[in-house]
Amino acid sequence: MTIRVRFAPSPTGHLHIGGARTALFNWLFARHTGGTFILRIEDTDEVRSTVESVQAIFDGLRWLGLDWDEGPVAAMKIAGTEHYPSKGPATGFGFYYQMERLPLYKKAVDQLIAEGKAYPCFCTAEEVQKMREKAESLKRQPKYDGTCRDLTPEQRAQKTKEGRSATIRFKAPLSGTVQFHDDIKGDMKFDNDQLDDFVIMKSSGVPTYNFACVVDDHDMQITHVLRGDDHLSNTPKQVLLYRALGWDKEMPTFAHLSMILGPDGSRLSKRHGATSVQEYQQKGYLPEALRNYLALLGWSTEDSQDLFSFDELIQKFTVDRCVKSAATFDPQKLEWMNGEYIRKMSVRELTERALPFLRDAGLIQGDVEAMRPELEKVIALEQEKIKLLTDVPKRIDIFLKEVPYDPEAVEKVLRKPDVPALLEESIKAFEALDSFSAAATEEACKALAVRRGIKNGAVFHPVRVSVSGRTQGPSLFHMLELLGKGKSIDRIRKTIAFLSAR
RNA sequence: GUCCCCAUCGACUAGGGGUUAGGUCACAGCCCUUUCAAGGCUGUAGCAGGGGUUCAAAUCCCCUUGGGGACGCCA
């Protein structure tokens with residue numbers, strides 16, 4: 001049996017870190033087993049679904065390198081039963097936006113009604129809401145009270161004639177239990193008296209989540225449902241639906257992944273900072289690093305390995321190594337990991353990937369081919385310190401533009417009585433140099449220190465701040481070499497002028 | 001309120017009857033060093049609590065506590 005798994009996001013916002021993790025695990029499972037990874041857009045929320053969100057999901061998945069074998073090929077306007085281009089079997093169920101699949105749900109609903117397993121409910125949303133509030137005030141479980149459960153055909157016809165719209169409710173069993181096995185959580189058992197007759201189709205004719213999910217997973221021949229454990233308590237409802245529809249023999253295996261929590265232990269949300277993969281992309285994270293980090297949230301190998309190539313992840317990922325407990329998202333470790341990937345990267349590639357960020361920072365524009373060799377040299381100097389791609393412009397700006405002096409550095413290093421004289425002397429020493437290599441400038445600076453009877457650092461530091469405006473930066477002499485004799489001396493002159501100015 | 005899930009250093013986790021409870025991030029110290037990093041070495045730090053079962057419990061069972069989730073014409 002070939003494995004078929006799916007990622008089924010609702011397009012109501014950005015691709016969330018939690019969603020990305022779920023997608024990744026499904027994708028890894030599919031790739032590990034040679035199975036099929038399906039993308040299904042659950043756009044049945046008629047008010048919140050947007051095309052922009054669909055696009056964001058596509059972009060996020062693609063950026064992470066999670067390609068889908070079946071699913072939509074383009075972000076399309078939602079709300080309609082027209083069929084959009086998709087990749088996958090060209091059959092009645094080969095459509096991957098739920099709003100394209102309305103006739104399929106209708107058919108399943110009709111079957112349940114005909115068999116007396118579902119019924120139209122004429123209660124309004126307000127009435128149901130009141131029911132719930134009343135139950136809650138009595139400290140009872142908020143449930144639908146079954147008002148329309150046993151209406152006669154005549155009563156139903158009458159209400160319909162009155163023009164009352166109806167939802168379709170599933171006639172849930174009043175007693176007994178539902179049991180199923182979860183590949184991560186183990187054997188599950190839920191009492192049916194916890195359930196009420198939940199709505200499976202809204203009055204608009206659009207199915208609700210639990211119903212659409214079951215119909216689609218069955219139609220798409222999904223073999224394993226790997227999803228967040230916030231869906232664990234939905235599962236008994238879905239199991240009941242599989243049975244009612246006569247599909248229990250083909251029911252998928254469930255595996256519920258633990259949640260991802262924010263640093264304060266509550267569910268990861270906006271107030272914890274960046275929660276969408278797009279934000280991480282913009283902040284200069286590498287997809288391979290985010291992917292690697294996400295893989296470790298709720299999964300591990302026996303030896304607690306933490307750095308994996310993509311292929312290694314595919315090769316080693318198994319559902320039985322998924323952990324039951326929730327994981328806290330740790331931005332610090334992600335950042336460390338990103339730096340780890342950046343350090344391992346070739347300078348050439350790092351430069352290539354940094355280009356968009358250099359552009360955004362206004363440090364480069366137009367065609368950069370001519371300056372690429374210089375860019376690479378400069379980036380090579382700072383590579384080991386770079387954690388995020390957005391660090392690149394911050395660290396190499398001194399080579400590409402005049403950088404203002406850091407006030408603290410000026411106070412600490414430059415505002416000393418003998419500094420102007422020292423800098424004057426350094427200009428003379430540099431001017432005398434034929435080669436402005438790192439070795440040559442280093443030798444010159446050391447000789448200067450000896451001449452003045454001061455420590456090397458007393459020369460190096462002022463020169464550094466003079467040339468770069470900061471106390472931190474690349475190796476001083478390599479920085480001078482790349483900056484070049486002309487610019488270096490020019491900047492030192494400016495510093496002397498700056499110091500005498502006040 | 002009811003139901004469900006979960007519980008090893010601050011964080012991610014390994015270990016699932018006998019271990020000096022291991023690794024990684026973070027943190028601290030030392031080394032390296034013109035700065036900042038990186039790197040190397042070392043260190044601080046953990047089995048939520050209480051009962052059982054057992055010769056032996058982090059590991060199995062129960063309870064408590066704590067955290068999370070679900071109870072929508074949201075998904």
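Lettering follows sequence order; numbering is per chain, from 1.
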Rounding to a whole Å, what distance do you find between A/Tyr119:OH and B/C73:C1'? 13 Å

Please work out if A/His231 contacts a base, only the sugar-phosphate, or nothing of the nucleic acid, heavy-atom cut-off 4.0 Å. base

Re B/A7: Watson-Crick or G-U wobble partner, both distances kept under 3.5 Å, found to be B/U65

B/C55 pairs with, by Watson-Crick or G-U criteria that keep both distances under 3.5 Å: B/G18

Cationic tip of A/Arg40 above A/Tyr97 ring, under 6.0 Å, 45° of axis: no

Would the base of B/A75 count as contacting A/Asn234 through its side chain, where contact means a donor and an acceptor less than 3.5 Å apart? yes

Do A/Trp336 and A/Tyr293 have their ring centres less than 6.0 Å from each other? no

B/A70, OP1 or OP2 - any side-chain N/O from A/Arg267 closer than 4.0 Å? yes

For A/Gly457, answer base if it contacts any base atom (sugar-phosphate contacts may also be present), sugar-phosphate if it contacts only those atoms, and nothing otherwise; contact means non-hydrogen atoms under 4.0 Å. nothing

Readout for nucleotides 6-22 of chain B: B = base within 4.0 Å of protein heavy atom, S = sugar-phosphate only, - = neither; 5' to 3' it is SS---SBSSS------B

Minimum-distance nucleotide to A/Met188 side chain [options: B/C4, B/U35, B/G39]: B/C4

Looking at the side chain of A/Ala125, which of B/A75, B/C73, B/G68 is the nearest nucleotide? B/C73

Could you check whether A/Phe170 and A/Phe211 have their ring centres less than 6.0 Å apart? no

Ring centres of A/Trp299 and A/Phe317 under 6.0 Å apart? yes

Just checking A/Thr12: base, sugar-phosphate only, or nothing, at a heavy-atom cut-off of under 4.0 Å? nothing

Listed by chain and number, what are the side chain to side chain donor-acceptor pair (under 3.5 Å) partners of A/Arg321, not counting sequence neighbours? none

Residues that A/Glu133 engages under side chain to side chain contact (heavy atoms under 4.5 Å, CB included), provided they are two or more places apart: A/Gln129

Atom-to-atom span, CG of A/Leu232 to C1' of B/C5 - whole angstrom: 6 Å

Testing B/G68, B/C36, B/A70 for proximity to the side chain of A/Gln472, the answer is B/C36

Cation-pi check for A/Tyr341 against A/Lys344: NZ or CZ below 6.0 Å from the six-membered ring centre and within 45 degrees of the axis, yes or no? yes

Sequence neighbours excluded, the answer for side chain to side chain donor-acceptor pair (under 3.5 Å) partners of A/Arg267 is A/Asp230

When you measure from the side chain of A/Lys237, which nucleotide among B/A38, B/C71, B/U24 comes out closest? B/C71

Using whole Å, report how far NZ of A/Lys344 lies from P of B/G39. 12 Å

Nearest-Å distance for atom pair CZ/C1', residues A/Phe190 and B/U2: 13 Å

Touch check for A/Pro474, heavy atoms < 4.0 angstrom, all strands: base, sugar-phosphate only, or nothing? base

Does any pair with a residue in residues 460-470 of chain A pass salt bridge (Lys or Arg N to Asp or Glu O under 4.0 Å), and if so which ones, sequence neighbours excluded? A/Asp397-A/Arg470

For A/Lys455, what residues pass the side chain to side chain donor-acceptor pair (under 3.5 Å) criterion, not counting sequence neighbours? none

Give a yes or no on whether the ring-centroid distance for A/His231 and A/Tyr209 is below 6.0 angstrom. yes

Listed pairs, N/O of protein and of nucleotides 42-48 of chain B, under 3.5 Å:
none

Does any residue of residues 201-217 of chain A have a heavy atom under 4.0 Å from RNA chain B, and if so, which ones, in number order? A/Lys202, A/Ser203, A/Thr208, A/Tyr209

Those residues that, when tested against A/Thr22, pass side chain to side chain donor-acceptor pair (under 3.5 Å) (two or more places apart): none

Let's see if you get this right: which residues in residues 132-144 of chain A place a heavy atom under 4.0 Å from RNA chain B? A/Arg132, A/Lys139, A/Gln141, A/Pro142

Centroid separation under 6.0 Å, is that true for the rings of A/His181 and A/Phe254? no

Excluding sequence neighbours, so at least two apart, what forms salt bridge (Lys or Arg N to Asp or Glu O under 4.0 Å) with A/Glu127? A/Arg164

Is there a donor on the side chain of A/Ser475 or the base of B/U35 sitting less than 3.5 Å from an acceptor on the other? no

Counting the atoms with a prime plus P, OP1 and OP2 as sugar-phosphate, which does A/Asp306 contact under 4.0 Å by heavy atoms, base, sugar-phosphate, or nothing? sugar-phosphate

Using a heavy-atom cut-off of 4.0 Å across all strands, would you classify A/Arg470 as base, sugar-phosphate, or nothing? nothing

Taking only residues at least two apart or on different chains, which pairs with a member in residues 129-148 of chain A satisfy ring-ring contact (aromatic ring centres under 6.0 Å, His included)? none

Tell me what A/Cys123 touches on the nucleic acid: a base, only sugar-phosphate, or nothing, going by heavy atoms under 4.0 Å. base

Please report the closest heavy-atom contact between A/Cys123 and A/Cys148, naming both atoms and the distance. SG-SG, 3.7 Å

I want to verify a distance call: between B/U34, B/G69, B/U35, whose nearest atom is closest to the A/Lys385 side chain? B/U35

CG of A/Asp187 versus C1' of B/C5: gap in Å, rounded? 14 Å

